[in-house]
Amino acid sequence: MTKSITQGAVARFFSSPDTGRPRAAGWAAVGRWGFAAFLFVLLAAPTVPIIYQAFIDRPLYDTGQQWTLGNFTRLLADPSFLSALGNTAWFVLFSTVISTFIGLGAGLLIDRIALPARGLLKVCFLFPLFVSPLILAFAWSMLYGPGGYATLLFRTLFGIGLPNLNSIGGMSLVAGVAQAPISYLYFAGAIGSIPSALENSARSAGASPFRAMLDIVLPLLRPSVLFCVLLNVIMAVDLLAVPLIIGEPSRIQVLASYLYTNGVLSPKVDYGIVAATAVFLLVFIQIIILLQSRVLGDIRRFNTVGGRAARSARAVMTRGSWVLWAILVLYSLIASVIPCAFLILRSFTTFLSPLIPIEKVWTLDNFALIFSYESYVRSIVNTFLIATVGGFIAVVLTCAATIVAYRTTPTMRLVIEQISFLPRAVPGLIVGIGIFYAVIAVPGGSAISHTLLILIIAFTIRYFPTGFAAISPAFLQIGADLERAARVSGGSWFTALRDVTIPLLRPALIACFLIYFVYFFKEYASASFLFGPGTEVIGTTMLQLNLMGNMGSVAALAVVQIALTVPVAIFVYARD
């Protein structure tokens, strides 16, 4: 009896207004709009308190606030902010160019040429996607930094060192390498959809393979290039690990590290300055998005797949292709495989130097230290709980949003789609700051402050657009006729959804959970403003260990994260 009442309530909450019962349809509409309002409040929540805090003269939790522009005046008068602003401009420019160039080149090679060992090469190239930028920054610093193993080795063998990694150029290179796999994924789908007949036609007219690719393929990739540049700019502005690990030793600050220094490390937080900086970032990113849509224009001129079937065949290897293949292999080794392998080796040593035999520094003390301190162990357990429990909660919420969007009305579909992609242009640091301010401002918000729940909320907001994009295409492939057939046979709307749609959607739901699991495990930026004693995660613990100079324990903790996430990530991303 209770079960049937519950199912009926759920059915009325989400069902479409075609039941023939006006009263039920009215309650269903109220339920759908109520859910949309809840989703909007959840996903837009981080930005509202930030904007409010930026225009008042004292913290949110204080009384007697007055409207002011003083926070922005003080921000623009701060030499550190102006320096960070200039550094950010160069950092974003260089890292975006590097990431876009590498991702495009890899896409043209991996998805346009029949390379040997293509699957293994793809996994090696995508490896930075499987680990946190924090881990990659640590690995590069330990290997290629001024005191790194490779730098010392080159100086010992050849009498020369490597270029200074702790510079704007070094930061940009590491950030570009970290973002290159995402750039590749943007280009791979577009490149695969361009029929090879277009290039063959150009070559039959006398064009060389390079000229055909330059004149045919690259112009058709313009939308992907623009979207990729937009994404890289947003990721570079949001990136915290690389500026902290690579830039801070040379006192190079960008806006992300400026926010972190003034909002987390400062003994007395200036909430107005932090909020004003966050608003500045929000406005900047929104302007970039508007410019992207203006530049892209009418996308129909880039269409390459029409009513007739078309295939994209991979070209056979030539002498020049072998050279490019060797360059790609060398890049994958230097950029990701060797640094991460070195990080694993470093976790088993007290100190690693080409001047000291490795058998003399071999130890398990780094792992013993990690597992002997309660807070370090707790950070691993917390991260695993957030990734599993939080990932499941995020999947349920995403699935509910998809059902409301695609099984109700066209208006609701438009509303839910627009709401679901709201966090796309909100950096993780701003998500953390916004939720922190919201907890301060909302009565009773302190009840979830410094709990795992607030981290789950922050991580869900951060990656909800990714999860929604993972489920939506699969849901759209399932026709509503199957559910109607189940209802004609006597089943309720909820029964049809449970017995027909959800089983068909299971592969997409599993993939969505795995994506949430990987991203929640890697996330650290939004947690930087929200964690406290008892709610540490792996990323925040690694940052604290780095501040203490305990690089062996940093490496050991990174190895734990790699061991827990890479198998899942390879299953999600590298299937070919």
Side-chain angles (χ1 to χ4, degrees), residues 123-145 147-150 174 177-178 181 240-242 244-246 332-353 356 358-388 514 517-524 527 536-574:
V123 169
C124 293
F125 181 83
L126 289 175
F127 196 83
L129 184 68
F130 305 157
V131 298
S132 168
L134 190 62
I135 293 178
L136 196 65
F138 280 128
W140 272 66
S141 179
M142 292 181 187
L143 186 59
Y144 304 126
Y149 187 91
V174 177
V177 169
L240 175 63
V242 173
L244 281 182
I245 306 304
I246 308 298
S332 299
L333 290 174
I334 294 175
S336 57
V337 176
I338 292 177
C340 287
F342 176 82
L343 193 67
I344 295 173
L345 182 63
R346 177 66 180 87
S347 68
F348 290 98
T349 60
T350 55
F351 183 78
L352 203 54
S353 169
I356 303 176
I358 192 171
E359 63 270 11
K360 293 185 178 181
V361 294
W362 195 261
T363 183
L364 292 176
D365 289 347
N366 296 320
F367 289 94
L369 177 66
I370 290 296
F371 290 103
S372 62
Y373 278 83
E374 182 182 356
S375 61
Y376 298 161
V377 176
R378 188 166 55 235
S379 70
I380 299 173
V381 175
N382 288 344
T383 304
F384 186 79
L385 286 175
I386 291 171
T388 51
L514 294 176
F517 179 88
V518 171
Y519 276 101
F520 283 16
F521 229 106
K522 291 166 49 177
E523 176 61 14
Y524 67 94
E536 307 90 347
V537 292
I538 289 179
T540 57
T541 300
M542 291 202 313
L543 287 175
Q544 291 177 331
L545 288 171
N546 175 66
L547 290 174
M548 294 186 292
N550 198 338
M551 303 310 294
S553 297
V554 169
L557 198 56
V559 169
V560 172
Q561 182 172 346
I562 290 173
L564 292 174
T565 58
V566 166
V568 177
I570 291 176
F571 177 79
V572 174
Y573 290 108

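Atoms considered below: every heavy atom in the structure, side chains included; atoms not considered: hydrogens, waters and symmetry mates.
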If you take all heavy atoms of [X] and [Y], which pair is closest and at what distance?
{"X": "Leu333", "Y": "Pro339", "result": "O-CD, 3.6 Å"}
{"X": "Ile538", "Y": "Gln561", "result": "CG2-OE1, 3.2 Å"}
{"X": "Tyr376", "Y": "Met548", "result": "OH-CE, 3.5 Å"}

Ignoring hydrogens and angles, tell me if any N or O in the side chain of [X] forms a donor-acceptor pair with the backbone of [Y] under 3.5 Å.
{"X": "Ser141", "Y": "Ala137", "result": "no"}
{"X": "Lys522", "Y": "Pro133", "result": "no"}
{"X": "Ser372", "Y": "Ala368", "result": "yes"}
{"X": "Tyr524", "Y": "Ala241", "result": "yes"}

Any chance CD of Glu359 has more than 12 other-residue heavy atoms, nucleotides or ligands included, within less than 6.0 Å?
->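 Yes, because the 6.0 Å sphere around CD of Glu359 holds more than 12 heavy atoms from other groups.
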
CZ of Phe384: more than 12 outside heavy atoms within 6.0 angstrom?
->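 It does not: Phe384 CZ has 12 such atoms or fewer within range.
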
Rounded to the nearest 0.5 Å, what's the gap from [atom1] on [X] to [atom2] on [Y]? Could you check?
{"X": "Asn550", "Y": "Leu369", "atom1": "CG", "atom2": "CG", "value": "5.5 Å"}
{"X": "Asn366", "Y": "Met551", "atom1": "CG", "atom2": "CE", "value": "11.0 Å"}
{"X": "Ile135", "Y": "Thr565", "atom1": "CD1", "atom2": "OG1", "value": "6.5 Å"}
{"X": "Asp365", "Y": "Ser347", "atom1": "CG", "atom2": "OG", "value": "12.0 Å"}
{"X": "Ser375", "Y": "Gln544", "atom1": "OG", "atom2": "CD", "value": "7.5 Å"}
{"X": "Arg346", "Y": "Phe342", "atom1": "CZ", "atom2": "CZ", "value": "7.0 Å"}

With the side chain counted from C-beta on, respond yes when [X] and [Y] share a heavy-atom pair under 4.5 Å apart, and no when they do not.
{"X": "Phe371", "Y": "Val560", "answer": "yes"}
{"X": "Thr541", "Y": "Arg378", "answer": "no"}
{"X": "Thr383", "Y": "Leu564", "answer": "no"}
{"X": "Ile245", "Y": "Phe138", "answer": "yes"}
{"X": "Val554", "Y": "Leu343", "answer": "no"}
{"X": "Ile370", "Y": "Leu545", "answer": "yes"}

Please state whether the rings of [X] and [Y] are parallel, tilted or perpendicular, taking 30° and 60° as the class boundaries.
{"X": "Phe130", "Y": "Phe127", "result": "perpendicular"}
{"X": "Tyr144", "Y": "Trp140", "result": "perpendicular"}
{"X": "Trp362", "Y": "Phe348", "result": "parallel"}

How far apart are the C-alpha atoms of Ile358 and Leu345, what are their side-chain angles, what is the distance that settles it, and do they pass the side-chain contact (heavy atoms from CB on, under 4.5 Å) test?
-> CA-CA 10 Å; Ile358 192 171; Leu345 182 63; 3.4 Å; yes

